[in-house]
Amino acid sequence: MQWLMVKDALKAAPGTQVTLKGWVRTRRDSKAGLSFIQLHDGTCFDPIQIVAPSDLPNYEAEVLRLTTGCSIEAVGELVESRGKGQSVELKASAIKVVGWVEDPDTYPASAKQHSFEYLREIAHLRARTNTFGAVARVRHTLATGIHRFFDDREFYYVHTPIITASDCEGAGEMFRVSTLDALNPAKTEDGQIDFNEDFFGREAHLTVSGQLNVETYCSALSRVYTFGPTFRAENSNTTRHLSEFWMIEPEIAFGDLADVAVLAESMLKTLLDELLTRRADDMAFFDERIEPGLIDRLRHVIDTPFKMLPYTDAIKLLESAKKKFEYPVKWGLDLQSEHERYLTEEHFKQPVVLINYPAQIKAFYMRMNDEGTDGAPGRTVAAMDVLVPGIGEIIGGSQREERLDVLDARLAEMELPIENYWWYRDLRRYGTVPHAGYGLGFERLIQFATGMQNIRDVIPFPRAPRQAEF
RNA sequence: UCCCCGGUAGCUCAAUUGGUAGAGCGAGCGGCUGUUAACCGCUAGGUUGCUGGUUCGAGUCCAGCCCGGGGAGCCA
């Protein structure tokens with residue numbers, strides 16, 4: 001007997017004999033002598049309806065006791081449905097119960113509406129719900145789409161390390177990786193913790209970004225990207241921050257800021273367009289239940305050129321805006337959430353690419369622009385942020401400083417210890433090239449694509465301050 | 001970390017000026033029906049987040065703590 005996934009059974013021709021396996025969503029009984037079972041196996045949004053006639057040998061003893069969450073195998077013939085709501089259904093000739101739900105009254109994911117806050121507490125069962133099944137499939141499609149996108153454009157996928165002992169990433173608070181006895185660590189003569197005695201012979205942490213490492217492969221393979229987990233030990237409690245999140249970081253040799261701005265726009269549009277095609281069922285659900293108008297919004301993003309705007313012009317625009325802001329707007333200050341939201345949600349109503357930020361608010365590795373770029377009153381660097389409605393910053397990138405003397409001046413200016421950057425500086429000493437890249441927050445992309453409000457609901461097992469269950 | 005809101009049945013929420021803790025959904029049982037967010041009836045289900053305080057009496061008032069949500073900062 002042919003075992004079909006539900007997604008394939010729903011498209012199969014009536015008359016086929018098949019086996020289906022999955023979990024019961026609901027069971028409804030009819031005194032006409034049959035029961036209806038909604039079965040899902042996660043392979044698509046829709047469940048399939050199984051019609052179980054009362055002459056099944058285990059009908060009274062087992063079928064009538066099936067409840068939400070039970071796992072079963074059903075054998076039978078696919079037939080055209082006599083009811084509305086589905087084209088085909090399985091007319092069962094045998095139903096085998098694989099796993100019972102031991103107490104239906106306390107089954108945590110019962111057949112009712114649950115809040116996302118509650119479902120977060122049962123993350124091991126929430127994938128069985130409509131919403132989290134759809135999120136999981138969209139997440140997969142976007143992840144594989146990213147690899148397809150870069151592979152199609154001759155980018156090589158580079159695995160940058162998760163554990164890093166280079167103390168130069170500088171993108172946020174880091175988690176320490178150590179095998180020292182936390183209660184009684186090795187100490188130096190002056191009473192400090194002696195990391196020479198630690199596993200790596202030095203202080204080590206979880207990476208906050210693969211960028212510096214991927215730049216080295218960029219300086220050899222030309223077009224590369226990383227896609228892996230990154231870690232920030234910031235005490236952030238918001239709907240768009242995680243302690244563990246996944247980041248996509250492409251890097252282009254012989255490329256400049258304009259090149260990565262174009263790449264970022266084309267990547268977002270390609271991914272969203274592909275998603276609407278490949279996961280039409282799940283996207284229709286998000287459009288109907290999670291964010292009405294979602295699909296139109298995404299279509300608009302796909303069809304409209306992103307607005308590119310120098311930081312200096314954005315400041316002028318915000319200064320002349322009628323809207324009252326809580327935080328000051330002044331050249332040299334970083335933009336606050338309210339300013340970014342105003343630009344992308346109210347003024348332009350589309351994704352906005354801000355470029356050429358003041359040097360004083362950006363990282364050491366960003367390339368210094370020529371004096372007077374965009375008519376700026378101070379020094380700027382070739383940085384870019386892609387802002388999208390509803391999320392804010394989804395991508396941050398820059399052209400990297402390839403000139404050793406300028407890089408060293410920046411390190412000195414920011415009082416960073418130059419010796420920590422020896423291998424990064426080597427790239428500028430040995431055949432340096434202009435290059436540029438960006439980082440895309442994968443979970444923020446999923447939020448943007450689905451309309452899901454809380455970032456903790458677009459990753460299977462969220463890690464956040466005081467949250468590491470499961 | 002800061003500001004605001006919340007914690008009552010398996011889940012979502014009610015409970016008047018402090019006075020015997022209730023509904024819907026879910027679950028169980030029965031009825032009806034090719035059903036599909038099914039419908040109708042009955043039943044079970046509670047240490048009101050924790051600790052202490054005020055009071056004749058606290059879900060309600062006070063203090064501390066824990067947990068959750070939203071916003072801000074940090075960023076992706």
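Each chain gets a letter, A, B and so on, in the order its sequence line appears, and its residues count up from 1. Only a predicted model underlies this, so the values are computations on that prediction, with no experimental measurement involved.
A:Tyr327 comes within 4.0 angstrom of the backbone, heavy atoms only, and of no base. When heavy atoms are screened at a 4.0 angstrom cut-off, A:Arg456 is found touching the sugar-phosphate backbone but no base atom. Within the 4.0 angstrom heavy-atom criterion, base atoms lie near A:Asn237. Using a 4.0 Å heavy-atom criterion, one finds that A:Ser30 contacts the bases of the nucleic acid, with or without backbone contacts as well.
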Query raised in the report: Taking protein heavy atoms under 4.0 Å as touching, what does nucleotides 39-47 of chain B look like 5' to 3' if B marks base contact, S marks sugar-phosphate-only contact and - marks none?
Result: ---------
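In this view, A:Arg240 satisfies the side chain to side chain donor-acceptor pair (under 3.5 Å) rule with no residue, not counting sequence neighbours. Applying the salt bridge (charged side-chain N to carboxylate O under 4.0 Å, His left out) criterion to A:Asp29, with sequence neighbours excluded, gives A:Arg27. Taking the side chain to side chain donor-acceptor pair (under 3.5 Å) definition, one finds that A:Glu443 meets it with A:Arg139, sequence neighbours left out. A:Phe132 is linked by a ring-ring contact (aromatic ring centres under 6.0 Å, His included) to A:Phe116, counting only residues two or more places apart in sequence or in another chain.
Non-hydrogen atoms lying under 4.0 Å from RNA chain B are contributed by nothing in residues 131-148 of chain A. For RNA chain B, the neighbouring residues in residues 33-65 of chain A, judged by any heavy atom under 4.0 Å, are A:Phe36, A:Gln38, A:Gln49, A:Val51. Using a 4.0 Å cut-off on heavy atoms, the residues of residues 116-124 of chain A that approach RNA chain B are A:Glu117, A:Tyr118, A:Arg120, listed by number. If you check residues 265-274 of chain A against RNA chain B, you find no residue with a heavy atom closer than 4.0 Å.
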Quiz: residues 47-55 of chain A side-chain donor-acceptor pairs under 3.5 angstrom, not counting sequence neighbours:
| residue | atom | partner | partner atom | Å |
| --- | --- | --- | --- | --- |
| A:Gln49 | OE1 | A:Gln38 | NE2 | 3.2 |
| A:Gln49 | NE2 | A:Glu89 | OE1 | 3.1 |
| A:Ser54 | OG | A:Gly33 | O | 3.3 |

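The phosphate of B:rU36 has neither OP1 nor OP2 within less than 4.0 Å of any side-chain N or O from A:Arg28. For B:rU12, the OP1/OP2 oxygens have a side-chain nitrogen or oxygen of A:Ser115 closer than 4.0 Å. OP1 or OP2 of B:rU35 has not a single side-chain nitrogen or oxygen of A:Arg25 nearer than 4.0 Å. Note on A:Thr26: every side-chain N or O is 4.0 Å or more away from OP1 and OP2 of B:rA37. Taking side-chain N and O atoms only, A:Gln336 has a distance below 4.0 Å to OP1 or OP2 of B:rG73.
Geometrically, A:Arg297 engages A:Phe448 in a cation-pi contact, judged by NZ or CZ lying under 6.0 Å from the ring centre and within 45° of the ring axis.
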Query raised in the report: Dot-bracket, RNA chain B: Watson-Crick or G-U, under 3.5 angstrom, [ ] crossing, | other strand?
Result: (((((((..((((.....[..)))).(((((.......))))).....(((((..]....))))))))))))....
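Pairs engaging residues 322-341 of chain A under the ring-ring contact (aromatic ring centres under 6.0 Å, His included) rule: A:Tyr311-A:Trp331, A:Phe325-A:His339, A:Phe325-A:Tyr342 [sequence neighbours left out].
Here the side chain of A:Arg120 pairs no donor or acceptor atom with the backbone of A:Asp457 at under 3.5 angstrom. The backbone N or O of A:Val301 sits nowhere less than 3.5 Å from a side-chain atom of A:Thr304 that would complete a donor-acceptor pair.
Both stacking criteria are satisfied for A:Phe245 over the base of B:rA76: a centre-to-centre distance under 5.5 angstrom and an angle between ring planes under 30 degrees.
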